[in-house]
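Note on naming: letters A, B, ... go to the chains in the order of the sequence lines (proteins, then strands), and numbering restarts at 1 for each one.
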Amino acid sequence: MRLEALVQDSLRSVLDRLGFPSPEIPVDRPPRRELGDLSSRVAFFLAPQMGKSPQAVAQDLARALSSHPAFAQVRAVQGFLNFVLRPEALHRVLAAVLEDGLSYGKGEEGQGKKLQVEFVSSNPTGPLTIGHGRQAVLGDVLANLFAELGWPVTREYYLNDEGRQIELLAQSLWARYRQALGDPQPIPEGGYHGDYLVPIAQELAAKFGNTYPTWNEETKNTFRAEVVPRMLRLIEEDLEAVGVRFDVWTREGDLIRRGLVGEVLEELRKRDAVYEKDGAIWLSAKAHGLGRDPVLVRSDGTPTYLMVDIAYHLDKFRRGFDWVVDVQGADHVEEQQQVKLALQLLGLPQKFLSYCLHQFVTLKGQEGIEKMSTRAGRFLRLKDLVEEVGRDATRYFMVMRKPESHLVFDFELAKKQSLENPVYYVQYAHTRIASVFREATARGEMPEDFLSLDLSPLREPEELVIIMELDRFPDVLRIAAHEFAPHLLCEYLENLAGIFHPYYARVRILGQGRVTSARLALLAGVRLVLFRGLSILGVKAPEAM
RNA sequence: GCGCCCGUAGCUCAGAAGGAUAGAGCGGCGGUUUCCUAAACCGCAGGCCGCAGGUUCGAGUCCUGCCGGGCGCACCA
């Protein structure tokens with residue numbers, strides 16, 4: 001049984017007996033070790049209805065629990081209830097972890113439901129930058145986390161392969177093509193200046209020769225058809241480098257061709273949520289507390305990005321998703337409010353769509369590309385970053401901060417293969433255990449299996465603390481997923497490694513008789529959780545380094 | 001001007017739902033190695049939690065106002 005449930009159950013039975021059932025029983029870790037292993041603030045909540053001080057309530061509860069077999073001690077301190085666990089209770093926790101094995105921490109909350117995580121969704125106007133990298137890893141790890149909680153997860157990429165930006169890109173490519181033929185054609189106003197178009201332009205110059213001397217409708221269609229698949233290939237290379245795969249790619253053009261836009265517009269019109277002005281169709285957002293009314297259909301009759309995005313989300317709903325999580329950068333705040341409003345007006349459940357919003361990435365010590373821009377051709381390509389610092393460090397660094405904080409990517413630190421680098425610190429804990437296991441096997445000290453082992457020799461303080469920490473893992477996964485906060489998992493793993501390394505340095509594992517078997521079982525638990533955690537982050541858990 | 005996010009140690013950051021004396025890593029200083037990988041470990045120094053009010057038994061956490069930073073405020077996507 002998990003420790004939180006153990007404490008809750010014990011308290012619940014006492015409270016029921018006293019006639020004060022409490023629906024919610026908080027269980028925490030005390031701020032300092034000396035106070036105890038676990039604590040509860042339940043007395044603060046009960047004090048008013050019991051007509052006593054929190055401390056008096058806590059004392060009553062402590063007395064009632066004093067004979068509980070799992071607790072060595074229950075103390076009332078300033079209204080808090082502090083529990084000291086018997087080692088046997090912790091040994092049972094470790095046994096349960098080992099029994100669960102690779103499924104330790106998995107949940108069932110998502111069973112029978114469908115979740116979509118939409119992320120990256122970068123316009124196919126160039127390769128992915130390290131900014132997109134944060135989103136790629138964030139979305140991927142969130143998807144992994146929800147999968148752990150039992151959700152069937154669809155990873156989806158929304159591809160804006162239509163519109164003005166693509167046209168500008170095509171024209172930029174055409175200009176590069178003309179340049180390749182010796183015609184000094186300038187990149188258009190607001191166009192794409194990146195070098196990545198140059199080799200493609202050279203290729204097209206060789207292929208077409210002088211077939212397209214002027215920018216016209218035919219040239220535009222030709223260059224657009226050439227450029228989009230090539231940009232997609234660049235994006236796929238970047239995603240591949242960072243180890244991210246998508247299940248579904250949805251193209252904006254397909255949504256438009258399916259006629260969804262007209263349908264959604266009709267619905268919005270019925271609900272009086274849109275109006276016409278200057279030949280365009282506007283969403284009545286101001287009337288619902290937003291800052292301005294955005295255009296849904298331009299006066300030339302074409303739908304805006306926002307319009308299609310609304311239709312896209314209605315389509316997601318119809319595809320049967322129970323919940324959609326969109327991972328987006330901080331520059332999309334306004335759009336998020338608008339889409340949410342529109343969906344609400346269309347009658348979708350409020351909780352259908354959640355946004356995981358993240359701030360941008362800056363590179364430490366890289367003058368000139370601190371402010372990245374694909375359009376200006378000023379960026380560091382994701383694939384190049386991965387080649388430089390490795391996939392593991394890239395992924396880890398991208399999610400080690402909470403999404404709503406700015407991320408300063410420390411290039412030099414990420415490259416270091418030493419303890420200063422948190423990802424190596426965690427990986428090294430795993431490697432060490434693997435190494436001890438190899439040595440144990442070589443010496444013939446490895447137990448047949450850990451499940452029926454006597455764990456009672458585990459009595460060192462660090463051993464009990466480590467088990468307490470292993471017990472937290474399922475909570476960490478749950479909170480990291482629902483708070484959209486994968487950094488909590490990084491923090492947890494660093495902490496676990498941070499108690500393991502000193503323990504390993506102080507205590508001998510091998511050559512200790514039956515203590516050795518028990519300690520190997522403890523190490524197996526640590527290794528299991530490190531492996532599970534690193535896997536969820538998409539980072540390797542190496543056997544040797 | 002309006003909207004969203006952020007402001008915690010020299011640096012980079014944790015402190016889910018308000019809880020006990022605010023934590024970690026790096027950097028700095030000082031130590032540890034006949035022994036399972038020192039790619040490690042131990043110790044020390046370092047804080048008016050941006051500022052000012054408020055809410056309450058209790059605020060880094062909630063509310064209000066200010067200050068500072070990021071992003072957005074297009075018939076671009």
Side-chain angles (χ1 to χ4, degrees), chain A residues 24 26 28 30-32 35 39 41 44 47-48 53-54 77-80 82 121-123 125 160 162-168 190 252 277-282 289-292 294-306 308-309 329-337 357-360 362 364 400-410 413 416-422 424-425 427-429 431-440 442-443 445 475 478-480 482-483 485 487-488 490-491 494-495 498 501-511 516 519 523 544-545:
Chain A
E24 225 176 294
D28 319 287
R32 294 183 307 286
L35 292 169
S39 69
R41 290 169 280 129
F44 289 97
S53 70
V77 181
Q78 294 168 43
F80 293 90
N82 293 333
S121 298
S122 164
N123 297 341
T125 54
N160 299 113
E162 301 274 320
R164 177 98 189 104
Q165 293 305 319
I166 297 297
E167 200 173 298
L168 268 171
E252 182 182 15
K277 193 183 83 182
D278 305 332
I281 298 173
W282 305 69
L290 267 51
R292 67 181 183 98
V295 169
L296 294 180
V297 181
R298 301 183 188 93
S299 49
D300 67 3
T302 59
T304 60
Y305 169 83
L306 176 65
V308 186
D309 202 24
D331 51 341
H332 288 264
V333 190
E334 191 185 32
E335 167 207 338
Q336 295 175 2
Q337 294 170 342
L357 182 133
H358 68 88
Q359 293 291 336
F360 297 116
T362 45
K364 185 177 175 183
M400 71 195 264
R401 303 296 178 221
K402 67 177 170 200
E404 58 270 40
S405 287
H406 289 267
L407 173 65
V408 179
F409 196 106
D410 189 335
L413 179 61
K416 279 189 189 158
Q417 311 216 348
S418 69
L419 67 146
E420 302 148 66
N421 186 342
Y424 282 95
Y425 187 76
Q427 287 180 312
Y428 185 53
T431 306
R432 263 193 156 160
I433 296 173
S435 163
V436 174
F437 280 13
R438 277 194 298 274
E439 184 67 20
R443 296 188 188 189
E445 295 188 53
D475 299 324
R478 194 168 36 78
I479 296 167
H482 283 281
E483 299 288 318
H487 72 284
L488 295 175
C490 298
E491 198 194 20
E494 283 168 47
N495 195 45
H501 284 305
Y503 167 69
Y504 171 87
R506 192 181 76 78
V507 164
R508 297 277 316 161
I509 310 293
L510 301 180
T516 288
R519 287 183 177 163
L523 264 59
M545 287 171 83

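Projected onto RNA chain B by closest heavy-atom contact, A:Pro403 and A:Leu35 fall at different nucleotides, the more 5' of which corresponds to A:Pro403.
For RNA chain B, runs of at least 3 consecutive pairs of the Watson-Crick or G-U wobble type, with both hydrogen-bonding distances under 3.5 angstrom, map to B:1-7 with B:67-73, B:10-13 with B:23-26, B:28-32 with B:40-44, B:50-54 with B:62-66.
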Under 3.5 Å, which N/O atoms of the protein pair with N/O atoms of nucleotides 60-64 of chain B?
none

Distances under 3.5 Å only, N/O to N/O: pair up the protein atoms with those of nucleotides 34-36 of chain B.
{"unit_1": "B:C35", "atom_1": "O2'", "unit_2": "A:Arg508", "atom_2": "NH1", "d": "2.5"}
{"unit_1": "B:C35", "atom_1": "O2'", "unit_2": "A:Arg508", "atom_2": "NH2", "d": "3.0"}
{"unit_1": "B:C36", "atom_1": "O2", "unit_2": "A:Leu510", "atom_2": "N", "d": "3.1"}
{"unit_1": "B:C36", "atom_1": "N3", "unit_2": "A:Ile509", "atom_2": "N", "d": "3.2"}
{"unit_1": "B:C36", "atom_1": "N4", "unit_2": "A:Tyr504", "atom_2": "O", "d": "2.6"}
{"unit_1": "B:C36", "atom_1": "N4", "unit_2": "A:Val507", "atom_2": "O", "d": "2.6"}

What pairs of nitrogen or oxygen atoms, one from the protein and one from nucleotides 73-77 of chain B, lie under 3.5 Å apart?
{"unit_1": "B:C75", "atom_1": "O3'", "unit_2": "A:Arg298", "atom_2": "NE", "d": "3.2"}
{"unit_1": "B:C75", "atom_1": "O2", "unit_2": "A:Ser299", "atom_2": "N", "d": "2.8"}
{"unit_1": "B:C75", "atom_1": "O2", "unit_2": "A:Ser299", "atom_2": "OG", "d": "3.0"}
{"unit_1": "B:C75", "atom_1": "N3", "unit_2": "A:Ser299", "atom_2": "OG", "d": "3.1"}
{"unit_1": "B:C75", "atom_1": "N4", "unit_2": "A:Asp278", "atom_2": "O", "d": "3.0"}
{"unit_1": "B:C76", "atom_1": "OP2", "unit_2": "A:Arg298", "atom_2": "NE", "d": "2.1"}
{"unit_1": "B:C76", "atom_1": "OP2", "unit_2": "A:Arg298", "atom_2": "NH2", "d": "3.4"}
{"unit_1": "B:C76", "atom_1": "O3'", "unit_2": "A:Arg298", "atom_2": "NH2", "d": "3.4"}
{"unit_1": "B:C76", "atom_1": "O2'", "unit_2": "A:Gln165", "atom_2": "NE2", "d": "2.8"}
{"unit_1": "B:C76", "atom_1": "O2", "unit_2": "A:Gln165", "atom_2": "NE2", "d": "3.4"}
{"unit_1": "B:A77", "atom_1": "OP1", "unit_2": "A:Arg298", "atom_2": "NH2", "d": "2.8"}
{"unit_1": "B:A77", "atom_1": "OP2", "unit_2": "A:Arg298", "atom_2": "NH2", "d": "2.5"}
{"unit_1": "B:A77", "atom_1": "OP2", "unit_2": "A:Tyr305", "atom_2": "N", "d": "3.4"}
{"unit_1": "B:A77", "atom_1": "O2'", "unit_2": "A:Asn123", "atom_2": "OD1", "d": "2.5"}
{"unit_1": "B:A77", "atom_1": "O2'", "unit_2": "A:Asn123", "atom_2": "ND2", "d": "2.4"}

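Spacing of P atoms, B:C11 relative to B:A16, comes out at 23 Å, to the nearest Å. Taking the C1' atom of each, B:G60 and B:G47 are spaced 12 Å apart, rounded to whole Å.
Remark: A:Asp278 engages no residue in a side chain to side chain donor-acceptor pair (under 3.5 Å) (not counting sequence neighbours). Taking the side chain to side chain donor-acceptor pair (under 3.5 Å) definition, one finds that A:Arg478 meets it with A:Asp475, sequence neighbours left out. Looking at residues two or more places apart in sequence or on another chain, you find a salt bridge (charged side-chain N to carboxylate O under 4.0 Å, His left out) between A:Glu445 and A:Arg443. Annotation: side-chain contact (heavy atoms from CB on, under 4.5 Å) contacts of A:Val408 (sequence neighbours excluded): A:Thr362, A:Lys364. Shown here are the salt bridge (charged side-chain N to carboxylate O under 4.0 Å, His left out) partners of A:Arg438, two or more places apart in sequence or in another chain: there are none. For A:Arg298, the salt bridge (charged side-chain N to carboxylate O under 4.0 Å, His left out) criterion is met by no residue, not counting sequence neighbours. A:Gln337 pairs by the side-chain contact (heavy atoms from CB on, under 4.5 Å) definition with A:Leu290, A:Val333, not counting sequence neighbours. Scored by the side chain to side chain donor-acceptor pair (under 3.5 Å) test, A:Glu334 finds A:Arg292 as partners (sequence neighbours excluded).
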